[in-house]
Undergrad: 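Below you will find the structure I want to go over with you.
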Amino acid sequence: MKDRREQNDYYNLITPCYVIHNDILQDGIDLLKTSLDKYWNNYIVGYSFKTNSLPYVIGVMRNAGFHAEVVSEDEYLLACKYGFRNIIYNGPVKGRETFRDAILSGQIVNIDSKREVEWLKEIDRDNISVGIRVNFDIEALCPGETSAGDEGSRFGFSVESGELACVIDELVSNGINVIGLHLHVGTKNRSVKVYRELARAACRLKRDYKLNLRYIDVGGGYFGGMENKPKFPDYVQAIAEELHKEFTPDGLTLIMEPGTSLITPPVEYITTVVDTKRTYANNLVTVDGSRIDVDPLHKKTSYFSSIEYNEPTDNREILDKQVICGFTCMEDDRLFTVNNEAELRLGDRIRLSKVGGYTMCLTPLFIRYFPAVYLEQNSGYSVIREAWGVEEYSRKCTSYEGEID
Ligand SMILES: *Cc1c(COP(=O)(O)O)cnc(C)c1O
């Protein structure tokens, strides 16, 4: 079938923009599936919507056979709108209506708040099944590795305080089946060891609470597509090794909830130089993009960047230092420094790669609206989100109707 989307040439792309490289996206999906096929051939992948829920992206994930992993009412409804029949509903602040809908339609629901226990008790239906998000001291087993550190995670029901035991008792005594444990943990280093410990914890909890589990959900947080970092086979092998001590693939479904490991590698951000300045302190290069599009949380310390000069640079001066600055009119909108390179000039482009996770979903509507997103396939580029303008920005707003002078 001929693709009806208009194909653009690379040099016609309107910058700033994101580009999703189809091959890299598919390679990640394939590697995850083959790893699971090899080590634990009874699995569900729930794609983490919060990491990047651009409609095109979630469509690819749905097509790959993945479930939607959602953590809010809005995300749940988005998954429904884009045709997901299988949803994993997580998070401490689910919506009541969508919670009910998920339970009644047999979705995977991992409870993470006491009000959900009440909501479950109100549902007049036999044989309800849920999973429970678990909170335990994994920091003790992996010192310095978890995002929450010594403060402990804010998610799940605590093993150590006894709240997990209480909630299991309460569910069971109300005839509700506890069929899964959800163990997602945010880490600083995405180490394989963390997932090994999660799988071991699952085995311990199954024994200690005499649970009849149908699934273990080890959550997301993996590396993907990074050289010298663990890859899907490394994680899945370690998880499977531990799970085999207490379970078999016949009896237990392994759930993984990748986000960034799938969608970070295939996405690039492309921006064009619009001005250069020399001051007493610096050589400044202003681009039409911004740090807010690639580092909205202001946490990154480096980028995978490359410069594309739009002509041979033989006649250009080599500069010690050039500072790449964005469009936002904020002093700290400085992306990075280029050292000992040919002088950048108007029309040169800068490309930042591996920026698909926690970027376009967190970009603010600050000063300039959302940039376009293109799909690159066989070196052709098609628009999968047009740039937002004033029309999109002001949708659903009521304006002040006072007299003009
Ligand atoms: C954020 C999150 C994920 C995805 O994490 P990534 O780091 O993007 O892989 C998966 N599951 C849950 C419950 C999450 O909160």
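Atoms within a ligand are numbered from 1 in the order they appear, just like the ligands themselves. Note that this is a predicted model, so its numbers are computed, not measured.
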Undergrad: Show the atoms of ligand 1 that are less than 4.0 angstrom away from any heavy atom in Gly220.
TA: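 Answer for ligand 1: 9 (O), 10 (C), 11 (N).
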Undergrad: Atoms of ligand 1 less than 4.0 Å from Arg190 heavy atoms?
TA: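 Those qualifying, in numeric order: 7 (O).
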Undergrad: May I ask you to list the atoms of ligand 1 that are less than 4.0 angstrom from any heavy atom of His182?
TA: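 Contacts of ligand 1 toward His182, numbered from 1: 13 (C).
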Undergrad: Can Asn135 and Ser158 be counted as having a side-chain donor-acceptor contact under 3.5 angstrom?
TA: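 On atom types as modelled, these side chains do not qualify, holding no pair under 3.5 Å.
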Undergrad: Side chain, backbone, both or neither: which part of Met256 has a heavy atom under 4.0 Å from ligand 1?
TA: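 It is neither part, as no heavy atom is under 4.0 Å.
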Undergrad: Between the side chains of Arg368 and Asp293, is the shortest nitrogen-to-carboxylate-oxygen separation below 4.0 Å, so that they form an ion pair?
TA: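 Yes.
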Undergrad: One thing to verify: whether Lys114 and Glu163 come together as a salt bridge, which I'm taking to mean a side-chain N less than 4.0 angstrom from a carboxylate O.
TA: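 The answer is yes: the pair qualifies as a salt bridge.
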Undergrad: If we only count N/O pairs under 3.5 Å, is Thr51 in contact with ligand 1?
TA: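 Between Thr51 and ligand 1 (N or O atoms, distance only) the closest approach is under 3.5 Å.
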Undergrad: Salt-bridged, Arg291 to Asp295, with N to O below 4.0 Å?
TA: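 Salt bridge flag = yes for Asp295 with Arg291.
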Undergrad: Check each atom of ligand 1 against the heavy atoms of Ser48 and keep those under 4.0 Å away; list them by number with element.
TA: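 Atoms satisfying the 4.0 Å criterion: 3 (C), 4 (C).
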Undergrad: Considering only heavy atoms of Gly221, which atoms of ligand 1 have at least one such atom less than 4.0 Å away?
TA: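 Checking each atom against Gly221, I get 5 (O), 6 (P), 7 (O), 9 (O).
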Undergrad: Provide, to 0.1 Å, the distance between atom 15 (O) of ligand 1 and the closest protein heavy atom, together with that atom's residue and name.
TA: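 Answer for atom 15 (O) of ligand 1: Lys50 NZ, 2.7 Å.
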Undergrad: Does any N/O atom on Pro258 come nearer than 3.5 Å to any N/O atom on ligand 1?
TA: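 No.
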Undergrad: So if I count the atoms of ligand 1 from 1 in the order they appear, which ones are less than 4.0 Å from some heavy atom of Glu257?
TA: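 In order of number, 3 (C), 4 (C), 10 (C), 11 (N), 12 (C), 13 (C).
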Undergrad: Would you say Tyr358 has any N or O atom under 3.5 Å from an N or O of ligand 1, going by distance alone?
TA: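 Yes.
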Undergrad: Give the intermediate values and the outcome of side-chain hydrogen bond (donor to acceptor under 3.5 Å, both in side chains) for residues Glu145 and Ser191.
TA: CA-CA 8 Å; Glu145 296 194 37; Ser191 76; 2.5 Å; yes
Undergrad: Using a strict threshold of under 4.0 Å (side-chain N to carboxylate O), is an ion pair present between Arg345 and Glu343?
TA: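 Salt bridge flag = yes for Arg345 with Glu343.
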Undergrad: Would you mind reporting whether Asn283 and Val323 have side-chain heavy atoms less than 4.5 Å apart?
TA: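 Sidechains of Asn283 and Val323: no contact.
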Undergrad: Measure up the Tyr303 and Phe336 rings against each other and bin them: parallel (under 30°), tilted (30 to 60°), perpendicular (over 60°).
TA: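 Taking Phe336 first and then Tyr303, their aromatic rings sit tilted (interplane angle of 30° to 60°).
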Undergrad: Quick one: does Asn90 get an N or O within less than 3.5 Å of an N or O on ligand 1?
TA: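 In fact, backbone or side chain, Asn90 has no N or O that close.
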